[in-house]
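Keep in mind that what you see is a predicted model, and the values were worked out from it rather than measured. By convention here, the first residue in the shown sequence is residue 1.
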Amino acid sequence: MPWVRSYVRSDGTPVRGHARWAPGARRETMIFGFVALAVVGLGNGTVSAGEGGAPPRESTVRYPIRFDHAPAARAPEPRPSVSYPIRWER
């Protein structure tokens with residue numbers, strides 16, 4: 001919304017500063033509102049993805065996940081990234 005600064009009309013009437021809708025903004029806002037209401041109205045239907053079929057099954061996943069038959073992996077050994085010694089203050 002553009003802001004209109006205070007001014008004095010040609011007949012001497014003072015006008016306070018105020019916000020004013022841009023040309024065409026009311027119509028566009030109304031169209032956007034109708035589209036938003038249509039999306040909300042159509043999106044809140046009572047049909048669900050599992051309707052008419054078997055009820056959803058329970059999850060068979062057990063946490064934490066462990067791989068019993070996998071070979072044991074060792075953690076990588078840290079290696080220096082520089083070839084010169086770094087002296088630390090003690």
Q | Distance (rounded to the nearest 0.5 Å) between H18 NE2 and W3 CH2 | A | 8.0 Å
Q: Check R26 against W21 and note the closest heavy-atom contact, atom names and distance.
A: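 For R26 and W21, the tightest heavy-atom pair comes out as NH2-CD1, 3.2 Å.
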Q: With sequence neighbours excluded, tell me which residues meet side-chain contact (heavy atoms from CB on, under 4.5 Å) with T13.
A: R9, D11
Q: Provide the full list of side chain to side chain donor-acceptor pair (under 3.5 Å) pairs with a residue in residues 60-70, sequence neighbours left out, each pair given once.
A: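 Side chain to side chain donor-acceptor pair (under 3.5 Å) check on residues 60-70 returns no pairs.
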